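So the structure is just underneath, and the comments pick up after that.
Residue indices begin at 1 and follow the sequence shown. The model shown is predicted, which means the values in this text are computed figures rather than measured ones.
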Amino acid sequence: MCLLSTPDPAPLPAPWLTIVGIGEDGLAGLGDEAKAAIAGAELVFGGARHLELADAAIRGERHAWLSPFERSIEAVLAARGRQVAVLASGDPFFHGVGVTLCRRIARADMRVFPAPSSFSLAASRLGWALQDTACVSLHGRPIDLIRPHLHPGSRILALTSDSDGPAELAALLAESGFGASRLTVLEALGGTRERVSSHRADHFALTDADMLNVCAVEVVAGEEARILPYTPGLDDGLFEHDGQITKREVRALTLSALAPRHGELLWDIGAGSGSIGIEWMLADPSLRAIAIEGHPERAACIRRNARGFGVPGLSVVEGTAPEALAGLAAPDAVFIGGGGSEAGVMEAALAGLKPGGRLVANAVTTEMEAVLLARHARLGGSLIRIDIARAAPVGQMTGWRPAMPVTQWRWVKPAQQTGE
C-alpha cells in the first residue's frame, strides 16, 4: 500500500516586534531571551531611562520616545518587517505601552517579556494581597479617579505621574475627610534608589519624592469623610445642584431601568446636576456618559460634580436637544430627564439610540407625561408611576409629605430598527 505524504505546513513568520518590560534593576532583572532580543534588534525604542537601563545590551539604533507619543507609535509601525525592540516599564500590558501597540499591531507579530509591575513590587514590599487591593493608575490622569475607592478599611495602590503626586494625593485625602489615612510612598522600586516611607495624610511632609513612585493608602475615614456608597441612589446632599436633580429614590429606580452593561455609552439629556450620568459611570470603570445641558451654569456644575465623584471623564455638551445631539457617538442607553416635551427631542433620541438599546424617560409635568403616554401607546415598552412620600413635621406631630409623582417610560429599541 502506498502512503501519500503531505508537505509540512509553511512555518509561520517570526514576530518582528519584541516588547521587553524592564525594571529599575535594568539588565540584571531580565532573562537571557529578553536580553538577546534587545541585542538582536535593529531598532530599539523606549524612554530615555529605559534606554539607559538597557545600554549594555543595545546594538541597534536607539530611539527615545517622542512627544506627542503617537509620533513614536508611527515610527514603530513604519519599521514593520525589521527586528524592533520596545522597552517598557514593568508589565507592558498593565497600563503600559503594550496595550497601545496591540491596538495597531497583531498579537502574532510580537513577543512580550513582561517584568513585575510597580503594583506587584509595591504589594510584595508591603505584604498586601494584590487581589484585595484597588490598583489605580494616576499617571497622566486626573487624581480625582481615586475618590470612588475611598472607603474605610480599604487599601489602594496608586501610580502617580511625578514627584508632586504623593503630596497632591495627601492633600486630596485630607480635604475629603480621610486625613488620618496612612500614606506609604514607595520610590524607585527595584533599583538602587529604592526608598519606602510612611506618613499620615494630613501631616504629609515629604518634599523630595522620586519621579517614579507608587503610593499605598490604608484608608481611615473621619466623621466628615465623603464616602461614595456602592449602591445607586446616592444622597442628594453629595451633589452640588440648584434643585434640578433626579432625587435619590427616583434616581435609583432610573439607574435600574437603564441597566448599565460593560463598555456602554449613555446620553443624559437635560442633565441638570449630572447625577444620572455620574452614577452610570460609577457603576463600572468601562462605562461612558455624555451629559447634554443647555444652561452654562449647570454645565459647569456637572463638571465639578464629575470631578468630585471621581468620574472626570464624563463628557459635557453645552447645548439643547435635539440640535446638541447631532454628531454624538450613538448611545447604548438614553435618559431624558429634562426637555423631553420640546419639539424633536424624543424623535432625535429614539433615532440616535443603537438597535437593542434602552431609553428611559421621566415625567413630572403633564405635558411630558402626555408625550410618554403617547409613545407608550405607539411603541410599547413599560410604564410605571413612582410616588414617594417623606415624613415631615405637621405642627407638633409628623405626617407624610408627598413628592411630585414621576411617570417613567422604558423602551428597548428593536434589534432590526434603525430609527423611528
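At a threshold of 4.5 Å between non-hydrogen side-chain atoms, the residues E24 and R49 count as touching. Residues L172 and D144 meet the side-chain proximity criterion, which asks for heavy atoms closer than 4.5 Å. Here the side chains of D332 and R261 are not in contact, with every heavy-atom distance at 4.5 Å or above. The shortest distance between side-chain heavy atoms of H241 and N305 does not fall below 4.5 Å. S120 has its side chain out of reach of F94: every pair of non-hydrogen atoms, C-beta onward, lies at least 4.5 Å apart. In this structure, the side chains of R248 and F239 stay at 4.5 Å or more apart for every pair of heavy atoms. A 4.5 Å side-chain heavy-atom check between H295 and Q244 finds every atom pair outside the cut-off. Taking the side chain as every heavy atom from C-beta outward, L206 and R195 approach each other to under 4.5 Å.
At distances below 3.5 Å, not a single donor-acceptor pair connects side-chain atoms of Q408 with backbone N or O atoms of V360. For R59 (side chain) and A56 (main-chain N/O), a donor-acceptor pair under 3.5 Å exists by modelled atom type. Checked by atom type and distance alone, the side chain of T160 pairs as donor or acceptor with a backbone atom of D162 at under 3.5 Å. For the pair R307 (side chain) and G310 (backbone), a donor-acceptor distance under 3.5 Å is absent. A donor-acceptor contact shorter than 3.5 Å is absent between the side chain of E52 and the backbone of A48. Judged purely by atom type and a 3.5 angstrom limit, S286 uses its side chain to pair as donor or acceptor with the backbone of G263. At least one donor-acceptor pair closer than 3.5 Å links the side chain of W267 to the backbone N or O of A329. Checked by atom type and distance alone, the side chain of R226 pairs as donor or acceptor with a backbone atom of G308 at under 3.5 Å. Looking only at distances, a side-chain donor or acceptor of K413 sits under 3.5 Å from a matching main-chain atom of L350. Judged by distance alone, with hydrogens and angles left aside, the side-chain atoms of H151 form a donor-acceptor pair with the main-chain N or O of L228 at under 3.5 Å.
Taking all atoms of both residues into account, the shortest heavy-atom contact from K354 to A330 is CE-O, 3.3 Å. Minimum heavy-atom separation, A333 to L258: CB-CD2, 4.2 Å. Taking both residues in full, the closest heavy atoms of V371 and G340 are given as CG1-O, 4.3 Å, listed atom of the first, atom of the second, then distance. Minimum heavy-atom separation, A299 to E293: N-CG, 3.9 Å. The two residues G98 and F93 have their closest heavy-atom pair at O-CE2, 3.4 Å. Across all their heavy atoms, A79 and V84 have their closest contact at CB-CG2, 3.7 Å.
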| field | Worked check of salt bridge (Lys or Arg N to Asp or Glu O under 4.0 Å) between E218 and R200 | value | CA-CA 10 Å; E218 297 172 86; R200 180 172 157 130; over 6 Å; no
| message | The test is side-chain contact (heavy atoms from CB on, under 4.5 Å); show your working for D132 and W128 and say whether it passes. | response | CA-CA 8 Å; D132 298 327; W128 287 9; over 6 Å; no
| task | Test R147 against E175 for salt bridge (Lys or Arg N to Asp or Glu O under 4.0 Å), laying out the working first. | result | CA-CA 12 Å; R147 294 183 187 273; E175 62 91 10; 3.1 Å; yes
| request: Please step through side-chain contact (heavy atoms from CB on, under 4.5 Å) for the pair M110 and V86, ending with a clear verdict. | output: CA-CA 10 Å; M110 63 176 68; V86 167; over 6 Å; no
| side-chain contact (heavy atoms from CB on, under 4.5 Å) evaluation trace for V311 with W280 | CA-CA 10 Å; V311 288; W280 166 278; over 6 Å; no
| request: Quick one: do E240 and R303 satisfy salt bridge (Lys or Arg N to Asp or Glu O under 4.0 Å)? Show the steps, please. | output: CA-CA 10 Å; E240 177 187 344; R303 294 187 180 96; over 6 Å; no
| Derivation of the side-chain hydrogen bond (donor to acceptor under 3.5 Å, both in side chains) call for T133 and R155 | CA-CA 5 Å; T133 303; R155 287 176 167 178; 5.8 Å; no
| said: Set out, in order, the CA-CA distance, both residues' side-chain angles and the distance that settles side-chain contact (heavy atoms from CB on, under 4.5 Å) for K247 and I245, then state yes or no. | reply: CA-CA 6 Å; K247 299 298 190 292; I245 183 172; 4.0 Å; yes
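Within 6.0 Å of atom CD in E224, 12 or fewer heavy atoms from other residues, nucleotides or ligands are found, so the atom counts as exposed in its surroundings.
Separation of atoms CG (L186) and OG (S198) is listed at 7.5 Å; rounding is to 0.5 Å. Rounding to the nearest 0.5 Å gives a distance of 4.5 Å between CZ of R288 and CG of L265. In this structure, CG in N213 is found 9.5 Å from CG in L169, a value given to the nearest 0.5 Å. Atoms CD and CG, on E297 and D242 in that order, are 9.0 Å from each other to the nearest 0.5 Å. We find the CG-CG distance between L234 and L255 to be 8.5 Å, quoted to the nearest 0.5 Å. With rounding to the nearest 0.5 Å, the separation of OG in S181 from CD1 in I156 is 8.0 Å.
Ring-plane geometry between W411 and W409 is classed as parallel, the angle between the planes falling under 30 degrees on a 0 to 90 degree scale with a further cut at 60. Ring-plane geometry between F45 and H63 is classed as parallel, the angle between the planes falling under 30 degrees on a 0 to 90 degree scale with a further cut at 60.
The side-chain contact (heavy atoms from CB on, under 4.5 Å) test with L159 singles out one residue from S117, S89, S118, and that residue is S118.
Remark: the R410 side chain and the S382 side chain contain no N/O donor-acceptor pair separated by less than 3.5 Å. Using a 3.5 Å distance cut-off with no hydrogens or angles, the side chains of T246 and N362 do not pair a donor with an acceptor.
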Please list every donor-acceptor pair under 3.5 Å in which a side-chain atom of residues 30-42 meets a protein atom from a residue at least two apart or in another chain.
{"from": "E42", "atom 1": "OE1", "to": "R82", "atom 2": "NE", "distance (Å)": "3.2"}
{"from": "E42", "atom 1": "OE2", "to": "Q83", "atom 2": "N", "distance (Å)": "3.0"}

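At least one test fails for R358 against the ring of F335: distance under 6.0 Å to the centre or angle within 45° of the axis.
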